[in-house]
Amino acid sequence: MEQPTPKESWNTRFGVILAVTGSAVGLGNFLRFPGQAAQNGGGLFMIPYLIAFVIVGIPLAWSEWALGRYGGRMGYNSAPGIFRKVLCSKNGSYVGMLGTVMPVLIYTYYVLVEALCLYYAWHFLTGTIPALGDSVEAVGGFFVQSLGLGSNGALFSAEGAPFLGFVFFCFLLNFFLIYRGINQGIEKFCLYAMPLLVVCAFIVLARVLTLPAVDGRSITDGLGFMWNPAAEGDSILATLANPEVWVAATGQIFFSLSVGFGLILTYASYLKKDDDVALSSLTSVAGNGFCEVVLGGLIALPAAFIFLGPVFLSDPENIGTFSLGFVTLPNVFNQMPAGQFFGFLFFFLLFLSAVTSSLSMLQPAIALLEEGLGITRKPSVAILGFVTLVGTLFIAYFSAGATALDTVDFWMANFFIFIFATVQTLIFGWVIGAKKGYEELCAGAEIKIPRWIMPMIQIVSPAYLLIIFGFWSVGRLPERIQGMFNPPEGEPPVILMSVGFILIVISFFAFVIARANQRWPDPQQEPRS
Amino acid sequence: MTAAGWIVFLVAVLGMTGLLVWCVFKVVSTPGSEDHLHSPADIDTHDT
């Protein structure tokens with residue numbers, strides 16, 4: 001048998017590094033992270049973020065990969081199927097339902113952000129955004145008009161139609177790729193596109209670090225806003241007592257590492273027993289953390305501080321989930337040499353990364369529809385296409401202040417994700433158990449996993465999640481729920497309607513799972529795993 | 001930037017960079033890693 005030459009082997013390993021690190025890079029790092037940091041006190045956000053990275057991010061990534069691979073060997077690819085088998089109970093499938101619902105609901109608004117990246121790339125290419133110059137108000141106005149943030153239904157008017165066209169294009173593109181089963185092709189292409197995104201981000205970083213001061217605000221002040229753990233005169237402990245900051249930081253870890261909402265569970269279920277999950281997931285987590293902290297943390301927020309100032313950033317009305325990156329980054333591009341080219345490249349590469357993320361969000365639901373209803377891929381894609389189209393149109397129509405988008409993002413990426421991540425950690429730690437769980441993690445592992453990881457997964461991670469989630473729920477949830485029933489005067493109850501939509505999607509998947517439970521063999525009759 | 005800001009900055013940046021460098025080193029130096037490491041981008045979900 002012909003042995004591969006060392007050069008071929010190195011090239012393959014280089015491809016592996018690109019695959020495992022590149023797959024993690026995307027909108028969460030460059031657009032969502034700075035928005036979350038700005039909304040939660042800048043530097044203050046970094047302490048819970050780093051703690052959550054170690055206590056929750058790494059253990060959860062390992063346990064989700066291992067649990068998914070374990071479930072796949074038992075014959076299931078969807079979270080409901082895997083949980084049903086692991087819990088050895090029919091009702092276990094309902095426990096796993098969130099692992100399908102969350103990616104679908106996140107997709108409904110994510111496709112808008114994906115379209116916005118392409119829209120920005122197009123308008124950089126054609127010179128519309130560069131023509132706005134260095135005026136924050138002008139770029140901000142472009143952003144508000146693009147997403148129709150001014151009023152409900154704005155995207156369905158003549159002014160909003162161009163962006164809505166991009167949304168439909170992206171929606172159709174995603175479903176065309178997944179319907180034709182050629183998503184692997186675009187994902188392989190992105191293996192090489194994502195490093196280019198990182199190179200592009202380094203060039204932008206160089207420009208941000210050399211920006212001139214605006215109104216007396218220098219880059220050092222901007223870095224201070226991003227990294228100082230407490231404002232002057234405040235104690236660090238007092239500022240860290242806010243559970244909202246901890247929830248947002250942990251939610252960001254989940255979102256950007258793509259853990260805690262069922263994606264990895266489904267993908268890992270297709271692995272073989274001797275495939276590594278330990279080094280693969282750790283490298284992915286590390287690549288993501290590097291891009292988020294080193295690139296995401298040094299670009300958008302320091303630049304936003306210089307251009308917009310601390311007063312603007314301290315007002316939550318001004319900074320939505322993704323808006324910071326779409327307002328400040330174009331300003332940076334507009335003030336750098338060849339900014340039109342780099343602006344186009346950056347947003348186009350972000351668009352590509354968003355396509356791969358969108359496709360991966362659809363996979364868990366497709367796996368459930370296929371194995372739960374016994375239908376083939378194409379009808380599964382058609383059903384999912386209908387459900388997500390309704391959701392995307394709903395969020396696109398109720399665009400005023402991005403209320404519908406923020407509501408779905410809040411309940412998915414800040415609320416349900418905590419519940420599902422905690423349940424998943426407890427199932428891996430206690431149902432599969434310390435001994436078997438550790439063996440499962442170590443199977444095929446290319447690195448030695450420390451033994452203390454199991455007490456971490458069994459006790460520390462769930463305790464951390466339950467404590468901060470408990471404090472946050474007691475303090476903030478009543479206010480959120482009250483907000484549902486008290487819309488601004490004369491406005492439709494968009495928050496309540498968004499929650500209603502979430503419940504409809506949950507009901508739909510509960511119905512699918514009920515049908516699946518009739519088809520799947522009794523878990524107590526199946527040989528125990 | 002305050003002293004505390006510099007500490008958070010250095011811990012975060014050096015920690016993340018160090019972890020990534022260590023992982024890349026392990027991937028490159030482990031024989032056969034190219035056959036066993038995976039990401040969602042290269043996992044075959046039997047789509048075709």
Side-chain angles (χ1 to χ4, degrees), chain A residues 9-10 12-17 19-24 43 46-47 50 77 178 181-184 187-188 190-191 220 223-224 227-230 232 236 258 263-264 266-268 270-271 274-276 279-280 282-287 289-290 292-294 297 356 360 363 367 377 444 446-447, chain B:
Chain A
S9 175
W10 197 89
T12 319
R13 282 182 209 173
F14 184 65
V16 167
I17 291 165
V20 291
T21 54
S23 65
M46 290 311 296
I47 293 178
L50 292 172
N77 301 116
I178 210 149
I182 51 177
N183 43 320
Q184 291 278 314
E187 282 165 356
K188 286 204 168 65
C190 284
L191 294 185
T220 318
L223 289 174
W227 295 98
N228 288 343
E232 214 171 306
I236 295 176
S258 297
L263 295 188
I264 297 299
T266 293
Y267 275 99
Y270 297 100
L271 293 176
D274 61 345
D275 282 330
D276 163 272
L279 184 56
S280 302
L282 190 62
T283 308
S284 169
V285 164
F290 176 83
E292 193 148 288
V293 169
V294 179
T356 62
S360 67
Q363 193 62 42
R377 181 170 190 80
E446 298 285 8
I447 51 172
Chain B
M1 200 149 63
T2 62
W6 276 108
I7 292 169
V8 175
F9 173 77
L10 289 173
V11 167
V13 170
L14 294 179
M16 291 297 181
T17 309
L19 182 62
L20 179 62
V21 169
W22 183 81
C23 288
V24 169
F25 170 76
K26 291 301 286 184
V27 174
V28 172
S29 64
T30 306
S33 61
E34 64 272 20
D35 297 326
H36 298 289
L37 265 67
H38 296 284
S39 77
D42 69 3
I43 291 173
D44 182 8
T45 54
H46 317 304
D47 293 329
T48 48

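Note on naming: letters A, B, ... go to the chains in the order of the sequence lines (proteins, then strands), and numbering restarts at 1 for each one.
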Subject >> Side-chain heavy atoms of A:Phe290 within contact of B:Val13, under 4.5 Å >> reply: no
Original post:
Are A:Trp227 and B:Leu10 close enough that some pair of their side-chain heavy atoms sits under 4.5 Å apart?
Top reply: no
**OP:** Give, as side chain, backbone, both or neither, the part of A:Leu50 having an atom under 4.5 angstrom from any heavy atom of chain B.
**Re:** side chain
Original post:
Side chain, backbone, both or neither: which part of A:Leu263 has a heavy atom under 4.5 Å from chain B?
Top reply: neither
Subject >> Residues that A:Thr220 engages under side chain to side chain contact (heavy atoms under 4.5 Å, CB included), provided they are two or more places apart >> reply: A:Ser218
Subject >> Residue pair B:Cys23 / A:Leu279: nearest heavy atoms and the distance that separates them >> reply: O-CD1, 4.2 Å
Subject >> B:Gly5 to A:Pro229 - nearest heavy-atom pair and separation >> reply: N-CD, 3.5 Å
Subject >> side chain to side chain donor-acceptor pair (under 3.5 Å): pairs with one or both residues in residues 2-21 of chain B, sequence neighbours excluded >> reply: A:Asn228-B:Thr2
Subject >> Euclidean distance, B:Leu19 CG relative to A:Leu282 CG, rounded to 0.5 Å >> reply: 5.0 Å
Subject >> Largest heavy-atom contact set with chain B, pairs under 4.5 Å, which of A:Ala286, A:Ala268, A:Ala367 >> reply: A:Ala286
